[in-house]
Amino acid sequence: MTTDTIIKGLRAPEGSDGAGLTRERALGWGGIALGLIAFVITLPPFEVRTIVPSLVLAAIAIVLGVLAIGGGERRVGGGAIFAALFGALGAYGASRSGVSHLEVVVSWSALTAAMLRYATPLTFAALGGLVSERSGVVNIALEGMMLMGAFFAAYGADKTGSWVGGILIGVLAGMALAAIHAVFAISLRSDQIVSGTALNFVALGLTGYMYVDTYGANGTPDNLPAVPEINLPTDSLGFIGQAISQLNLLVWGSLIAVILVWVVVFRTRLGLRLRAVGENPKAAETVGISVFKVRYAAVISSGGLAAFGGAFLSIGFVHSFSQNMTAGRGFIALAALIFGRWRPGGLLAATLLFGFSSALAQRLPEFSPQLATLFQALPYVLTLIAVAGVVGRSTPPAADGVPYTREGK
Amino acid sequence: MSEQTPAGPDVPVGGPSSQPEYDLGGGATVGARLGTALKSGGVITPIITVLFSFLVGGLVVLVTGHNPIDTYKAIFDGTGLQWLFPWTSGADRSTAAINLQQTLLITGPLILLGLAVGYAFRAGLFNIGGQGQYIVGSIVAVWTGSSWAGMPHVLHVILCMLLATAAGAAWAGIAGALRAITGANEVITTIMLNWIAIWMGVYLFGLGGPLQNGTQPDVPISNDVVASAKLHVFWGDPELQGLHIGIFVALAAAFVYWILLNRSTKGYEARAVGFNPEAARYSGIKVGRTYVLVMGTCGALAGLAGSLDVLGWQFHLATNDIQGTQLAFLGIAVALLGRNTAIGTCLAALLFGALVNGTSVRNLDPAVFEPELAQNLTTVIQGLVVLFVSADVLILLIYNKLRPRRAAPAKAEVPA
Amino acid sequence: MAGILIFAAGCGSDDNSSSSSSSGTTSTAAAAPAAKKIKVGLVTDIGGLNDRSFNSLANQGLQQAQSQLGITGRVLTSKSNADYIPNLSTLAQQKYDLVIGVGFLMADAIDTVAKKFPDTKFAIIDVDATGLKGKPTNVQGLLFKEQQSGYLAGYLAGLYAKDNNIKTISSVGGQKIPPVDHYIAGYQAGAKAADPGIKTLNGYSQDFVDQAKCKEIALNQIAQGSGVVFQVAGQCGLGALDAAKEKGKQGIGVDADQAYLGSHILTSAIKKVDVAVVDTIKQVQTDKFTGGVNTTFEVANGGAGIGKVSAAGAKYQSQLDGVTAKLKDNSITPPDTVPGK
Amino acid sequence: MTPPDASDAAGLVLELRGITKRFGALTANDAVDLQLRRGEIHALLGENGAGKSTLMNVVYGMLTPDEGDILVDGSVVHVGSPREAMDHGIGMVFQHFMLIPVMTVAENLVLGAEPRKNGLLDLAGARRRTRELSDRYGLRVDPDARVADVSVGQQQRVEILRALDRGAKILVLDEPTAVLTAQETAELAEVLRALRDGGTSVVFITHKLHEVLDVADRVTVLRRGKTVGTIDTAGADEASLARMMVGRDVVLRVEKEPGTPGEPLLELEDVHAIDDRGLPAVDGVSLQVCAGEIVAVAGIDGNGQTELIDAISGLRHVSSGHVRLRGKDITNCTPRAARDAGVGHIAEDRHARGLVLDFSLAENLALNDYRAGTRFGLLKPRRMLEAAGRLLHEFDVRGGTPGTPARSLSGGNQQKVVIAREVSGNPDALIAAQPTRGLDVGAIEFVHRRLLAERDAGRAILLFSLELEEVRALADRILVIYDGRIVGELPPGASDEELGLLMTGGGAARVAS
């Protein structure tokens with residue numbers, strides 16, 4: 001009747017998942033790469049001012065795509081053709097537009113840095129979602145957990161006078177909200193989507209209430225302790241060096257967290273058990289694993305990770321809190337998690353894509369101020385196309401969203 | 001076995017039929033559990049749920065140093081529901097009437113938005129896209145409603161509502177079609193479509209946008225809906241946002257929803273797909289097409305909600321109306337509390353409509369509760385209501401504790 | 001949850017103590033003891049009282065009037081646009097003498113309600129009362145010449161830039177709407193007047209709340225060489241000022257004096273909504289209120305201007321005073337629209 | 001039927017005394033006793049619902065008994081969780097294997113007792129341990145294969161190895177043969193005997209009488225939650241066991257008149273189809289089923305049966321070839337069109353495909369024809385209820401009215417609902433896929449009778465079954481499928497050896513690779 005059937009619906013059989021790199025698939029990916037290169041060569045620093053080379057590359061990409069489709073790799077092949085058209089179109093636009101505009105918009109180091117900043121809160125939250133859903137508990141309350149992290153990090157930084165204290169309290173608050181989700185989703189066997197939705201409301205109200213109650217109309221103090229920036233002497237190392245020469249500690253933290261989560265989930269005993277519980281809780285129970293303990297641990301850590309994302313927003317980036325400041329990022333993170341097929345690398349790719357298109361969208365009005373608001377939709381349109389076109393069906397952990405009950409207890 | 005085996009030459013004893021094999025263990029669907037809950041709890045369970053949430057909400061109020069009884073009394077007075085009591089009279093009665101009009105003004109679209117989520121739930125889909133569908137419906141309604149000024153009244157209204165409904169259906173249909181064709185998860189696609197609808201609307205009505213107001217070039221707002229497209233106000237002052245006939249449209253839609261879900265072949269297919277898509281496919285139901293139709297229906301309901309607001313009281317759309325609309329998210333809560341049934345959704349919509357209006361600052365004496373805090377408190381209470389809805393087990397437990405002992409186990413579980 | 005809430009033109013702070021200029025059109029510092037005890041209602045837009053912008057400034061004005069003028073005040077916040085008409089009409093029905101609406105999106109609502117309650121006096125901030133469709137005679141528009149404040153801020157920015165070998169200055173707007181563009185147009189014109197060779201950048205965040213968006217835009221502008229960042233995006237804009245602070249650049253606040261944010265705030269372009277509220281209340285108290293017209297708050301009457309100038313800009317005070325004088329006698333009239341590209 | 005003998009106590013590794021387990025109003029185990037000797041194979045026999053699985057779940061700590069004691073090696077122990085059970089040397093192999101399909105064999109084997117190195121999971125160590133165990137017990141498995149990709153028999157070996165790895169002295173197997181082919185069953189019996197000879201005690205649950213006699217040393221029979229008795233298999237026969245199990249005499253084999261085939265109704269001509277992974281699964285199948293005839297397709301699971309069924313019923317694309325019904329080409333028509341043309345389909349898995357468990361019986365019975373006679377797209381609820389009432393009566397479905405949710409019925413009655421629905425459409429051809437899987441004796445008997453009755457009514461029935469006995473009992477002709485091809489046709493009287501040879505690919509002993 002409600003959401004467990006939804007989750008089952010997501011679980012359509014995945015065809016050749018992880019079936020290795022066939023020749024056709026390689027051709028298709030090659031096509032996608034060429035299509036993108038066709039675009040990139042018209043951009044700074046290359047700035048090819050004629051469209052001919054791009055058209056040639058795009059044409060090759062289309063041929064590769066057709067070959068891939070002929071070989072049965074319909075999705076990747078389609079992606080190659082799409083990339084070719086996109087590349088040709090982009091190259092046309094770029095070669096027709098003024099160099100100065102182009103250089104303002106496509107400043108690779110600034111774009112990269114902005115991409116990382118946009119992606120950071122999403123990455124943390126999506127990792128939180130991964131840990132929870134790998135254990136079989138759907139976490140739609142990421143938004144609320146981020147918001148808890150954002151407020152309590154600011155609150156904690158204010159009260160303890162140190163950003164470390166802020167992060168600590170923020171993360172604890174995220175975990176506290178997650179613990180409620182755990183009680184309802186695991187012990188009370190609630191419908192997980194429902195309880196998650198509920199907690200988003202609760203977090204929004206609670207942080208708003210406490211914010212107004214504590215800080216009134218003044219807002220958080222302007223001298224909140226901030227998470228420090230990390231300065232690296234990499235400015236001479238090309239645009240990537242410039243992009244990473246000054247980034248917030250938590251930006252690095254999010255990238256490290258991706259690796260850590262990967263190691264924990266796929267290379268440790270705990271991770272094996274986590275995945276086992278998420279795939280087949282009863283099986284895990286029969287080999288002596290406590291489904292309840294693992295799920296509680298996973299959901300609560302999930303809240304902590306999401307809260308890191310919130311803490312980045314408040315004391316890492318803008319250095320203050322405002323009501324509902326996560327503004328839907330938790331849902332984008334959820335999308336990134338599904339988009340990334342419940343894998344750390346995949347979700348990072350998704351959040352980077354989202355971050356990149358957000359950074360780009362913000363610069364595109366340079367070309368047409370009239371369309372400024374439409375450009376804002378770019379990240380969402382791209383995600384929609386990517387999900388529909390390239391990713392398609394993604395299979396969640398088999399027991400995701402299914403409450404576990406030991407019979408007769 | 002107390003019953004006698006029916007006689008008949010070819011009829012063997014059909015196994016241990018006195019010991020039905022219940023399969024309500026780990027694999028039991030929430031649907032089944034809710035079904036059980038409804039059977040053993042009936043309408044009592046949701047009521048207990050709501051009461052329980054208010055109790056916890058009251059504790060929150062208490063903890064923050066306010067009087068929960070006064071606060072709730074003030075909130076209740078703000079809903080206008082005391083108009084229904086015959087003993088309310090005089091100035092109280094006219095104030096109550098105005099409040100009730102405002103409560104019902106919110107209730108109408110909430111019913112539709114709740115149904116838009118509920119129908120998808122029944123088909124095993126999660127429609128988070130009510131917001132986008134509502135916006136698209138509003139946009140089309142304001143566009144058509146501000147055009148064709150010379151049209152006959154009834155025709156114009158119906159045309160606007162139909163087009164808005166169709167637009168909402170098409171918008172949601174995108175998510176349904178992507179699910180059907182590429183398998184793209186509708187949770188992602190509907191979230192993305194929400195944002196795309198928002199930015200599209202902001203573009204259309206923003207300064208210099210194609211649908212921006214012709215007479216006020218400085219204001220990011222649409223043209224006004226013309227008189228012939230406005231919905232009739234039947235209660236209260238038509239100029240001061242009285243209650244328009246949209247509430248009946250919403251109630252009619254709820255009735256149609258009931259028919260559709262329980263009495264129509266399409267609804268039957270949707271439910272079959274929702275419960276067991278594989279079995280539905282085996283029996284010849286086209287699962288993909290059902291997804292598209294279901295999402296389309298949901299979008300139609302949400303789009304209709306948008307048109308009611310635009311044609312009923314809003315009459316124009318500003319860019320920040322589009323960015324600020326939160327009603328659809330409340331629709332999710334309404335659907336969940338109403339358990340996706342027609343009548344339940346109507347009642348839940350009334351509850352949430354009353355809650356929203358009752359906590360509005362004009363009705364809440366600042367001496368009882370600071371208005372800045374009240375808004376956030378409402379959000380917490382809404383969250384708690386939904387939270388306890390999710391824990392049917394908990395509520396059932398409480399219910400069974402409260403109820404005089406009757407030896408009827410809520411459910412029996414036997415491993416296969 | 002996923003929506004972007006709230007909309008507000010410009011940002012305000014509550015830090016009254018640093019507000020340097022004195023009150024506006026009416027010079028009496030305190031109410032005469034005989035002043036009428038009137039009831040004044042304020043209806044905010046959906047930004048609410050915590051918008052750190054004009055809703056909160058208006059509320060401060062009301063509180064000030066309560067303590068100084070002995071009036072009874074009540075604030076009704078609006079959660080959604082469905083609240084505008086009920087909020088306004090509730091106050092009118094309860095016989096409030098003056099009802100003040102905040103924000104130009106309430107224009108239609110106040111137009112409707114004012115016609116229904118011809119005996120109640122209404123005022124609306126940021127709306128031209130003569131432009132209302134119903135031409136109500138009991139509504140006064142409270143307008144601000146934001147371009148003058150912007151011009152002063154821009155002039156200071158230009159002077160600072162010229163001396164510090166900065167070639168570019170920039171502004172971050174919330175959305176392209178008139179009050180925002182007034183500020184930005186004045187800012188650009190002022191900067192060009194001080195330093196004709198200066199390059200001005202401008203971007204809109206399309207958002208008045210999400211500080212991260214404004215901060216990104218400001219960081220991008222700084223990366224393009226901007227040395228002074230002017231925020232015109234309410235709460236969102238605080239992110240832009242944070243970017244300036246982080247990168248060691250100058251920031252310019254908006255609406256209220258935001259000098260409290262730190263020494264990086266060169267100055268603030270001010271719009272005295274609180275003063276406008278107090279003045280209008282006084283008009284009603286003294287029966288001088290007239291409807292169907294506008295009161296414009298500008299440099300000349302102290303309703304617009306700039307806030308505290310930081311140490312970095314202190315040496316330009318005399319030049320600023322000169323420009324202020326010219327704005328007062330209208331020998332300089334800054335533009336109020338941003339030239340398109 | 002000897003009562004438990006106290007003098008045996010010395011040799012008992014496991015003893016259950018008066019185990020009672022209730023689920024609400026239902027008593028699944030009612031003071032059950034069981035005694036397991038060291039080094040014996042002990043069968044636990046009973047119909048579905050007799051309480052066998054419940055009892056073993058109690059032993060393994062998955063369920064907590066309401067009353068009674070569990071004794072291991074003569075002393076009372078508390079078994080509150082599987083971990084405690086393992087600590088007492090009890091291992092269990094479940095009917096639905098407790099494995100993680102997406103993980104490798106090695107990962108599954110070490111799950112719960114993972115080797116570690118530097119704090120990380122030692123996957124190389126896991127593979128090594130898998131190989132060691134595999135060698136020690138002679139149960140060959142591939143450590144690196146994904147469990148989802150290996151055969152059911154292999155999966156079972158992983159489970160057995162895992163239990164042994166945790167030091168199981170007592171091995172409980174819940175219906176281990178339900179999913180195995182005849183050959184795999186024989187192999188399992190060998191393994192169990194070897195384990196017994198090595199000193200392990202084995203309890204296996206079954207409702208198949210011949211297996212008890214073939215494999216077990218002793219048997220305890222449960223009926224409706226109570227112990228009927230324990231006997232040595234040496235002196236027992238099928239009839240006496242069946243009497244103990246059911247409590248009355250049962251007809252073990254349905255008496256069948258030879259069919260009188262008429263005109264060919266269902267014809268397949270060189271049908272090809274691919275599976276979900278894009279590999280050829282049906283590779284040129286041609287066959288004919290005549291009116292009044294049951295043709296059985298026998299074969300080991302996973303040789304293209306599912307894909308063939310799907311191809312006939314329109315659920316899977318036929319890449320080449322033709323399907324005809326009464327001469328009319330129905331190749332690649334939609335599932336609905338195939339049904340409308342006259343193909344009935346008793347689905348392989350009634351929970352996943354045959355029924356919508358949360359629908360009422362009436363709604364389930366209407367799944368094929370809910371649109372018949374409707375106007376304006378509105379259902380005819382009264383007609384649905386009436387039709388359901390009629391069918392429930394005709395097919396003797398117990399335990400529910402038309403309004404009862406299908407979920408609350410027993411497996412046998414659920415299957416009757418499926419059959420009622422498929423037969424009521426009056427199809428020319430009826431595909432019956434595993435029609436008796438998981439049913440108890442009484443229900444099997446009903447299904448068999450009904451299929452024969454339908455045959456005699458002139459339908460063409462294509463039966464897919466993994467149970468050779470069933471195939472032999474029902475079929476007029478037997479086709480053997482191997483690797484997507486029909487590799488031979490045999491009469492129902494063919495021997496196990498003949499059938500087994502064809503089913504395993506023509507003679508070469510197919511050892512699991």
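Below, read A as the first sequence line, B as the second, and so on, with proteins coming before strands; counting in each chain starts at 1.
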Checking C:Lys133 against chain B: side chain, backbone, both or neither under 4.5 Å from a heavy atom? side chain
Below 4.5 Å from any heavy atom of chain C, which atoms of B:Ile98 appear? Answer side chain, backbone, both or neither. side chain
Step by step, work out the side chain to side chain contact (heavy atoms under 4.5 Å, CB included) result for C:Phe117 and B:Leu240. CA-CA 11 Å; C:Phe117 298 93; B:Leu240 295 181; 3.8 Å; yes
Is any side-chain heavy atom of B:Ser360 less than 4.5 Å from a side-chain heavy atom of C:Asn87? no
Is it the backbone or the side chain of B:Asn99 that comes under 4.5 Å from a heavy atom of chain C, or both, or neither? neither
Checking C:Lys79 against B:Thr359: is there a side-chain donor and acceptor pair closer than 3.5 Å? yes
Side chains of C:Asp108 and B:Asp224, heavy atoms from C-beta outward: is any pair under 4.5 Å? yes
Which of the residues C:Ser80, C:Ala82, C:Gly131 is involved in the greatest number of heavy-atom pairs with chain B at under 4.5 angstrom? C:Ala82
With chain B as the partner, which of C:Leu76, C:Val43, C:Asp181 has the greatest number of non-hydrogen pairs under 4.5 Å? C:Leu76
Take B:Gln241 and C:Thr112, measure what side chain to side chain contact (heavy atoms under 4.5 Å, CB included) needs, and give me the verdict at the end. CA-CA 10 Å; B:Gln241 218 167 293; C:Thr112 309; over 6 Å; no
Examine whether an atom of B:Asp309 lies under 4.5 Å from a heavy atom of chain C, and if so say whether it belongs to the side chain, the backbone or both; otherwise answer neither. neither
Counting only heavy atoms closer than 4.5 Å, note whether B:Gln314 contacts chain C via side chain, backbone, both or neither. side chain
Does any backbone or side-chain atom of C:Gln94 lie under 4.5 Å from a heavy atom of chain B? Answer side chain, backbone, both or neither. neither
What part of B:Gln102 gets closer than 4.5 Å to chain C, counting heavy atoms only: side chain, backbone, both or neither? side chain
Answer key: most heavy-atom pairs under 4.5 Å with chain C among B:Ile322, B:Asp218, B:Asn357, B:Thr379 is B:Asp218
